Amino acid sequence: MSVIFEFIYFTCKEEPLENAFSNFDKKPMENIKIDLQKNLMGLGLELPSVSTPGGNYVSVNVRENIAYVAIQFPIYNEEYLYQGRLGNEISTEEGYKAMELCALNVIAQIEEKIGFDQVVGLNHIDAYFQADGNWDESPIVVNGASDLLVKVLEEKGVHSRSIFGVDKLPRNFSVGLTASFTLQNT
């Protein structure tokens with residue numbers, strides 16, 4: 001399967017890119033406060049319990065003022081969801097939901113390990129997917145993560161991204177997501 005690289009600053013399916021930032025304040029990012037719980041409740045969501053790493057690594061690794069979140073899969077409170085290949089067992093719409101869940105797990109990891117009061121903003125996400133050879137709707141699926149991150153984290157959720165098609169993901173998950181965040185200097 002080919003590797004797909006998509007470098008974008010932000011994708012919003014509701015409005016064109018040039019309008020996506022018009023509601024954001026121009027104040028420094030470290031001064032921006034978000035009400036994480038209110039934003040989640042407004043979407044009818046709550047943070048899942050954080051998953052435990054499946055190997056010899058940590059789920060959140062901090063180096064100076066950058067936090068790297070290890071790959072998060074569509075797991076909700078230890079229940080594996082959305083297993084299979086996109087375009088085969090998993091539809092594009094289900095893939096979008098799977099990516100939303102991965103993004104929710106990224107948020108849960110940062111909130112539990114660091115706290116969003118220490119986060120300046122999301123930098124970049126790497127999205128991974130496994131699909132049938134003829135399926136080619138990865139940007140739509142990855143919008144599940146991008147849309148959720150911006151809705152929940154507001155200005156702090158604006159990011160760049162890359163998309164990688166892979167042959168196989170652990171436990172036959174259809175998608176996975178990694179992220180990096182800038183933290184306040186302490």
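None of the values given here were measured: they were computed from a predicted structure.
Both Ile34 and Ile107 are part of a single hydrophobic cluster, where members link through side-chain heavy atoms under 4.5 Å apart. Under the 4.5 Å side-chain heavy-atom criterion for Ile, Leu, Val, Met, Phe, Trp and Tyr, Phe116 and Val69 are members of the same hydrophobic cluster. Following chains of ILVMFWY side-chain contacts shorter than 4.5 Å, one can reach Leu149 starting from Leu40, so the two form part of one hydrophobic cluster. Each of Tyr68 and Val50 belongs to its own hydrophobic cluster when Ile, Leu, Val, Met, Phe, Trp and Tyr are linked at side-chain heavy-atom distances under 4.5 angstrom. Hydrophobic clustering places Ile71 together with Val166 (ILVMFWY residues linked when any side-chain heavy atoms are closer than 4.5 Å, directly or through intermediates).
Met41 belongs to no multi-residue hydrophobic cluster, having no ILVMFWY side-chain contact under 4.5 Å with any other such residue.
For Asn88, the side chain to side chain donor-acceptor pair (under 3.5 Å) criterion is met by no residue, not counting sequence neighbours. In this structure Leu43 satisfies the side-chain contact (heavy atoms from CB on, under 4.5 Å) test together with Leu45, Leu148, Lys151, Val152, sequence neighbours excluded. With sequence neighbours excluded, the residues forming a side-chain contact (heavy atoms from CB on, under 4.5 Å) with Val62 are Val60, Ala67, Ile114, Leu183, listed by chain and number. Glu89 pairs by the side-chain contact (heavy atoms from CB on, under 4.5 Å) definition with Arg85, not counting sequence neighbours. Evaluation of the side-chain contact (heavy atoms from CB on, under 4.5 Å) rule for Ser91 yields Glu93, Glu94 as partners, not counting sequence neighbours. Looking at residues two or more places apart in sequence or on another chain, you find no side chain to side chain donor-acceptor pair (under 3.5 Å) involving Ser180. Listed by chain and number, the residues in a side chain to side chain donor-acceptor pair (under 3.5 Å) with Asn39 are Glu154 (sequence neighbours excluded).
At a cut-off of 3.5 Å, with distance as the only test, a side-chain donor of Asp147 or Tyr96 sits close to an acceptor on the other residue. Inspection of the Asn77 and Ser49 side chains reveals an N or O donor paired with an N or O acceptor under 3.5 Å.
The distance from the CG atom of Asp136 to the CG atom of Leu86 is 11.5 Å, given to the nearest 0.5 Å. Interatomic distance, CZ of Phe73 versus CD of Gln83, reported as 10.5 Å (0.5 Å rounding). Atoms OH and OG, on Tyr128 and Ser162 in that order, are 8.0 Å from each other to the nearest 0.5 Å.
A 4.5 Å side-chain heavy-atom check between Val120 and Phe181 finds every atom pair outside the cut-off. Looking at Ile75 and Leu81, their side chains never come closer than 4.5 Å, going by heavy atoms from C-beta outward. The side-chain heavy atoms of Asn105 and Pro48, taken from C-beta on, include a pair separated by under 4.5 Å. Two residues are said to be in side-chain contact when any heavy atoms from C-beta on lie closer than 4.5 Å; Val141 and Thr92 meet this criterion.
Closest of all the heavy-atom pairs between Arg161 and Asn143 is NH1-OD1, 3.0 Å. The shortest heavy-atom contact between Gly95 and Ile90 is N-CG2, 3.8 Å. Between Tyr57 and Gly54 the shortest heavy-atom distance is OH-N, 3.2 Å. Of all heavy-atom pairs between Ala145 and Ile125, the closest is CB-CD1, 4.3 Å.
The salt bridge (Lys or Arg N to Asp or Glu O under 4.0 Å) contacts involving residues 38-67 comprise nothing, where partners must be two or more places apart or lie in separate chains. Within the structure, the salt bridge (Lys or Arg N to Asp or Glu O under 4.0 Å) test picks out the following pairs touching residues 99-123 (sequence neighbours left out): Lys97-Glu100. Note on residues 131-154: pairs passing ring pair (Phe, Tyr, Trp, His ring centres under 6.0 Å), not counting sequence neighbours, are Phe129-Trp135.
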The test is side chain to side chain contact (heavy atoms under 4.5 Å, CB included); show your working for Ser51 and Gln72 and say whether it passes.
CA-CA 8 Å; Ser51 60; Gln72 300 296 300; 3.8 Å; yes

Please report the C-alpha distance between Leu153 and Val158 in whole Å, then the side-chain angles of each, then the deciding distance to 0.1 Å, and finally whether the side chain to side chain contact (heavy atoms under 4.5 Å, CB included) criterion is met.
CA-CA 8 Å; Leu153 303 178; Val158 176; over 6 Å; no

Checking Thr182 against Asn65 for the side chain to side chain donor-acceptor pair (under 3.5 Å) test, could you report, in this order, the C-alpha distance in whole Å, the side-chain angles of both residues, the deciding distance, and whether it holds?
CA-CA 6 Å; Thr182 299; Asn65 70 328; 5.4 Å; no

Acceptor/donor pairs from residues 169-178 side chains to any protein atom, 3.5 angstrom cut, sequence neighbours excluded:
from: Asn172; atom 1: OD1; to: Gln130; atom 2: NE2; distance (Å): 2.7
from: Ser174; atom 1: OG; to: Tyr82; atom 2: O; distance (Å): 2.8

